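First comes the structure, then the notes that go with it.
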Amino acid sequence: MTRLRAMAPLLVAAVLTAIAVGTVQNAGCDDPGRYELVAGDYQLVGGCIAPGDIVVPEPTPAPARPADDAAPAKG
């Protein structure tokens, strides 16, 4: 029983590794892309992600905070 408990994490790790390798091999992306230096900044060129694939929502504005002098005195 102790031998099984010692081997179980290794078996789970091996299965997860096999699943990850299989997923990457079947991803279907022929051009992984590359980073190039453009105007002093690195930019991803090529790859399987188009600019509209990842949608980042606009940040919500922080609620207005009252001025420090308007806060009641603690006493």
Side-chain angles (χ1 to χ4, degrees):
M1 190 64 153
T2 9
R3 182 178 235 179
L4 179 62
R5 286 185 183 177
M7 294 296 293
L10 294 175
L11 292 174
V12 170
V15 168
L16 290 175
T17 300
I19 291 171
V21 169
T23 300
V24 170
Q25 287 180 344
N26 295 325
C29 183
D30 294 332
D31 180 19
R34 64 193 177 284
Y35 286 98
E36 292 184 358
L37 187 61
V38 177
D41 195 17
Y42 285 98
Q43 185 176 29
L44 179 63
V45 177
C48 298
I49 297 177
D53 289 345
I54 299 176
V55 179
V56 180
E58 292 292 325
T60 57
R65 293 177 47 178
D68 290 336
D69 58 334
K74 294 182 182 177

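Remember, predicted model here, so these are calculated numbers, not experimental data.
The side chain to side chain donor-acceptor pair (under 3.5 Å) contacts involving residues 39-60 comprise nothing, where partners must be two or more places apart or lie in separate chains.
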Using residues 2-16 as the side-chain source, report each donor-acceptor pair under 3.5 Å to any protein atom, sequence neighbours left out, with the distance given to one decimal.
none

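Only one option out of T17, V21, T23 pairs with I19 in a side-chain contact (heavy atoms from CB on, under 4.5 Å); it is T23.
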